[in-house]
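Written out below as structure tokens is the structure these notes cover.
None of these values were measured; they are calculated from a predicted model.
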Amino acid sequence: MNKKFPFIAIEGIDGVGKSTCAKLLAEKMSAYYYKTPSGIFEKVRTTIDISVDPYTRFIFYLGGTLYASEKIKKIVTYQPVVCDRYILSTIIYHEAMGVNISSIIQKQPTILAPDYYIYLYADENTRTQRLISRNVISPSDIALENNKELQRRIHYEFIKSPGMIHIDTSLISPEEVCDRILKNIGG
């Protein structure tokens, strides 16, 4: 495949501004905004998040990422893509939940790697206020908010991931976040 346009994955815990910044960045770059999970995966996500064990949940999200990868492979041939969550969220969240995924991942088809991974994070107060300002808080948001140790493990794994661009969104606007991303990727 001759990929012509950049693929940027925006990662992070709920409430850090991922969706807001991903949409704004896509607009600034004239890129395609892609949110995972998508398609049929998006329709059953809530049921999966609250009703299955972490291993089954991982398989579901891995399937959603494989689906997204195939769609994004086609899109990047004619337009940049900004993706709201991707494979690192799937891996890091589930490893933090205790799922041993190394043998599973090694047997999967190739997942399109982003050109840039952006990790957004914010202090707990900011995240909490952002989640409260949403009209609806999902059961998975509530579960994560009630498990501070899981939040710490997820944050640590994102921070130590190689090649990741880190941006603290606590005290800056979504426009400033996008400007920092563009500066970091040479845009």
### Task
Could you pull out the closest heavy-atom pair between A22 and D84, with the gap in Å?
CB-CB, 4.3 Å
### Query
If every non-hydrogen atom of C21 is compared with every non-hydrogen atom of P174, which pair is closest and at what distance?
SG-CA, 3.9 Å
### Task
Determine the sole option in Q129, Q151, K148 for which the side chain to side chain donor-acceptor pair (under 3.5 Å) test with E124 is passed.
K148
### Query
Just by modelled atom types, is the R130 backbone N or O under 3.5 Å from a matching donor or acceptor in the S133 side chain?
yes
### Query
Between S161 and M164, is there a donor-acceptor pair closer than 3.5 Å when you use the side chain of the first and the backbone of the second?
no
### Summary
Looking only at heavy atoms, the pair that brings K18 and L120 closest together is CA-CD1, 3.9 Å
### Task
Look at the side chain of D115 and the backbone N and O of F7, then say whether any donor-acceptor pair between them is shorter than 3.5 Å.
yes
### Message
With rounding to the nearest 0.5 angstrom, report the CD1 to OG1 distance, I59 to T90.
### Response
10.5 Å
### Message
Does any part of the side chain of Y33, heavy atoms only, come nearer than 4.5 Å to the side chain of S19, both counted from C-beta?
### Response
yes
### Task
Report the relative orientation of the aromatic rings in Y67 and F41; use parallel for angles under 30°, tilted for 30 to 60°, perpendicular for over 60°.
tilted
### Message
Hydrophobic clustering (ILVMFWY, side-chain heavy atoms < 4.5 Å, transitive) - are L182 and I10 grouped together?
### Response
yes
### Task
Just do the side chain to side chain contact (heavy atoms under 4.5 Å, CB included) check on K4 and T77 with the steps written out, would you?
CA-CA 5 Å; K4 297 178 183 177; T77 63; 5.8 Å; no
### Query
Would you call I172 and I167 a side-chain contact if the rule is heavy atoms closer than 4.5 Å?
yes
### Message
If you apply the rule side chain to side chain contact (heavy atoms under 4.5 Å, CB included), what do you find for T20 with L24, and how did you get there?
### Response
CA-CA 6 Å; T20 300; L24 184 59; 5.6 Å; no
### Message
Within the supplied structure, the quantity of interest is the number of heavy atoms (other residues, nucleotides, ligands) at a distance under 6.0 Å from K43 NZ; does it exceed 12?
### Response
no
### Query
Are E11 and I118 close enough, and set up right, to give a side chain to side chain contact (heavy atoms under 4.5 Å, CB included), and what steps lead you there?
CA-CA 6 Å; E11 305 276 11; I118 313 296; over 6 Å; no
#### Entry: Between CG on residue L150 and CZ on residue R152, distance to nearest 0.5 Å
10.0 Å
#### Entry: Donor-acceptor contact present, side-chain E95 to main-chain N100, <3.5 Å
no
### Task
Spell out, as yes or no, whether a donor-acceptor pair under 3.5 Å connects the side chain of R57 to the backbone of V52.
no
### Query
Ion pair present between R85 and D14, side-chain N to carboxylate O less than 4.0 angstrom?
yes
### Audit row: D53, T56, side-chain hydrogen bond (donor to acceptor under 3.5 Å, both in side chains) steps and yes/no
CA-CA 6 Å; D53 64 278; T56 304; 2.7 Å; yes
### Task
Check whether any side-chain N or O of H94 sits under 3.5 Å from a backbone N or O of Y55 as a donor-acceptor pair, and report yes or no.
no
### Message
Can you confirm whether P80 sits close enough to I8 that some side-chain heavy atom of one is under 4.5 Å from a side-chain heavy atom of the other?
### Response
no
### Side chains of I101 and I91 in contact at under 4.5 Å (non-hydrogen atoms)
yes
### Polar side-chain atom of S38 near backbone of Y34 as donor-acceptor pair, under 3.5 Å
no
### Query
What are the two closest heavy atoms between A31 and V82, and how far apart are they?
CB-CG2, 4.0 Å
### Query
Do I111 and L62 have side chains that get closer than 4.5 Å, going by heavy atoms?
yes
### Task
Could you tell me whether K73 and E70 have a side-chain N and a carboxylate O separated by less than 4.0 Å?
yes
### Task
Go through S89 and F158 one step at a time and tell me if the side chain to side chain contact (heavy atoms under 4.5 Å, CB included) criterion holds.
CA-CA 8 Å; S89 283; F158 273 119; 3.8 Å; yes
### Message
Aromatic contact between F58 and Y93, with the criterion being ring centroids under 6.0 Å apart: yes or no?
### Response
no
### Query
Can you find a heavy atom in the side chain of K23 that is under 4.5 Å from one in the side chain of K35?
no
### Task
Mind running salt bridge (charged side-chain N to carboxylate O under 4.0 Å, His left out) on R45 and D49 for me, showing each step along the way?
CA-CA 6 Å; R45 175 184 181 191; D49 280 349; 3.4 Å; yes
### Query
For E27, does the CD atom have more than 12 heavy-atom neighbours from other residues, nucleotides or ligands under 6.0 Å away?
no
### Query
So, does T126 use its side chain to make a donor-acceptor pair with the main chain of A122 at under 3.5 Å?
no
#### Entry: Min side-chain heavy-atom separation I72-C83 under 4.5 Å
yes
### Message
Heavy-atom count check: over 12 atoms from other residues, nucleotides or ligands less than 6.0 Å from K71 NZ?
### Response
no
### Message
In this structure, would Y156 and Y121 fall into the same cluster of hydrophobic residues linked by side-chain contacts under 4.5 Å?
### Response
no
### Query
Taking the side chain as C-beta and beyond, is there a heavy-atom pair between F5 and V81 under 4.5 Å?
no
### Message
Any side-chain to backbone donor/acceptor pair from T169 onto V16? Under 3.5 Å, distance only.
### Response
yes
### Query
Nearest heavy-atom pair of C178 and K28: which atoms, and what distance?
CB-CD, 4.0 Å
### Task
Give the ring-plane orientation class for Y119 versus H155, where under 30° counts as parallel, over 60° as perpendicular and anything between as tilted.
tilted
#### Entry: Exercise: identify the closest heavy-atom pair between S69 and Y86
CB-OH, 3.3 Å
